[in-house]
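One structure is given here, and the rest of the page talks about it.
Everything quoted here is computed from the prediction, not taken from an experiment. Sequence lines set the chain letters: A, B, ... in the order given, protein chains first and strands last, and positions in each chain run from 1.
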Number of protein chains: 2
Amino acid sequence: MVYTSEHPPFAVTVDIVVLTVRHDQLSVLVVRRGSPPFEGRLALPGGFVHVDESLDAAARRELEEETGVGLEAAHLEQLASYGEPDRDPRMRTVSVAWLAVLPDLPEPTAGSDASDAVWMPVADLGSRRRLAFDHFEILTDGVERARSKLEYSALGTAYCGPEFTVAELRHVYEVVWGVTLDAGNFHRKVTGMPGFVEPTGAQTTRGGGRPAALYRAGTAELLHPALLRESLR
Amino acid sequence: MVYTSEHPPFAVTVDIVVLTVRHDQLSVLVVRRGSPPFEGRLALPGGFVHVDESLDAAARRELEEETGVGLEAAHLEQLASYGEPDRDPRMRTVSVAWLAVLPDLPEPTAGSDASDAVWMPVADLGSRRRLAFDHFEILTDGVERARSKLEYSALGTAYCGPEFTVAELRHVYEVVWGVTLDAGNFHRKVTGMPGFVEPTGAQTTRGGGRPAALYRAGTAELLHPALLRESLR
DNA sequence: ACAAAAGTGTTATTATTACACCCATGA
DNA sequence: TCATGGGTGTAATAATAACACTTTTGT
């Protein structure tokens, strides 16, 4: 294949918006850049796609390499691609961005090799544009996607561990949306929605108070009727 | 910039799923390929992104060049990117796919230069996989996006001309979803939804029967509450 | 007058919201 | 026994769905 001005070569990268709920805050995994451009600035984890590697495989590999975070059981979906001609000063680049949602990990990113990766509350990145490239725009799009998908999909369970209480799931909604939800109504909707959550039969008292039933994620992908963001108080 | 096995060069293309409602069918604009690979097969319009050209500009340019269809006032949104290593036998390619929605044009694609472009009912492409590359997958994703966005966005008006009746808009919903809707309930929801449609004050009898009020698209992007696909009968 | 399509009324059903209240545990 | 959260009851309100009915044109 000959690259010409009409068929020019591009660099193709992946960037991943990894979200979790941590210390009552919606948080994103960021890395500190060790080389130009934007040296020393924060960036989303990501990197170049290899030859003979699919785009989602590249996202998983880069995340693991850069942060030590594995996505085995996690939710991963494509977000969008970003390709403004000037987005990378070095060369013409198209980045395929991904959204990943993880439970709050017991051992954050510690123990991993290359890792300068840290969890950063999304709110702390809101005003100051501390992110390299167009990563602030990618982050904004990822957060908006994550917020809206809570309404009509079962994505909320991806923030929870394999077993969780209804209150823990409600906490995810409250943090991601930044609202307070009615505990009783939320409980009814979630448990009454077929396929959203399934009782494990076990209970826990880890939240304090009366023991709560434990659930695992159900098989439903889409929720109907949706849990609307309006149900706040 | 040096391209290595870790930073390999890619070809980046755009492909556009252009939808309209035509002769009571959801239809997509396709072109007949004039050269290998997949010579003689149908394909979505698209092509290589130029240097110093943004991705959406490339989509508009390729569509105009290949089909003579301009997207000035039309709806255009990014769909997703497709980059399986074997998707193009010639080279490693990533395609950024776009979804466009147009009114049924009076002069289809006639009069345009290079144009082997035709409107094809989506249903006719369903069983036989007559499309080149992974374009059937892209089409499927585009149609699904178009269908689901009718529920919660004002995308339906993009299928209509600058002025339309409620019945014409309802026809769009019925064709895209493949259902029959209750005319009375639809009328109430559409006209009562703030920002969805605005009366022009004029009327038309082009549908036969009692004259219908004409509307233009409103400013709202999102509809609340959503028009659910369940409202069929 | 009649067919056809536009648009309004009416009602049953279902979903949402607010909030009261009881339940089961740890301290 | 008290504080803390889990979970259920209940009633007002709003949205949806079904369908009858009136309106206004062309033929």
Task: Any Arg170(B) side-chain N or O less than 4.0 Å from OP1/OP2 of dA6(C) - done: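 Answer is yes, contact under 4.0 Å.
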Task: N-O pairing of Glu72(B) and Arg60(B) below 4.0 Å - done: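 Result for this pair is no, no salt bridge flagged.
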[X] [atom1] to [N] [atom2], straight-line distance once rounded to whole Å:
| X | N | atom1 | atom2 | value |
| --- | --- | --- | --- | --- |
| His224(A) | dT16(D) | NE2 | C1' | 10 Å |
| Asn185(A) | dA14(D) | CG | C1' | 14 Å |
| Phe186(B) | dA17(D) | CZ | P | 13 Å |
| Asp182(B) | dA20(D) | CG | C1' | 11 Å |
| His187(B) | dT16(D) | NE2 | C1' | 18 Å |
| Lys189(B) | dG7(C) | NZ | P | 18 Å |
| Leu169(B) | dA5(C) | CG | P | 17 Å |

TODO: For DNA chain D, determine which residues of residues 190-198 of chain A have any heavy atom closer than 4.0 angstrom to one of its atoms, and list them numerically.
DONE: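 Within residues 190-198 of chain A, no residue comes under 4.0 Å of DNA chain D.
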Task: Most 5' of Arg188(B) and Ala213(A) on DNA chain D, judged by nearest nucleotide - done: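 Its nearest nucleotide being more 5', the pick is Ala213(A).
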- [ ] Would you please indicate yes or no on a ring centroid separation below 6.0 angstrom for Tyr173(A) and Phe186(A)?
- [x]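 When the ring centroids of Phe186(A) and Tyr173(A) are compared, they turn out to be within the sub-6.0 Å range.
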Collect all protein-nucleotide pairs involving nucleotides 22-27 of chain D in which both atoms are nitrogen or oxygen and the distance is under 3.5 Å.
unit_1, atom_1, unit_2, atom_2, d
dT23(D), O2, Arg210(B), NH1, 2.9
dT24(D), O2, Arg210(B), N, 3.4

- [ ] Name the nucleic acid region contacted by Arg206(A), choosing base, sugar-phosphate or nothing; use a 4.0 angstrom heavy-atom cut-off, strictly under.
- [x]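 Nothing, no heavy atom under 4.0 Å.
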Open item on the list: Using a 4.0 Å heavy-atom cut-off, does Gly184(B) contact any base of the nucleic acid, only the sugar-phosphate backbone, or nothing at all?
Closed with: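 Result for Gly184(B) = base.
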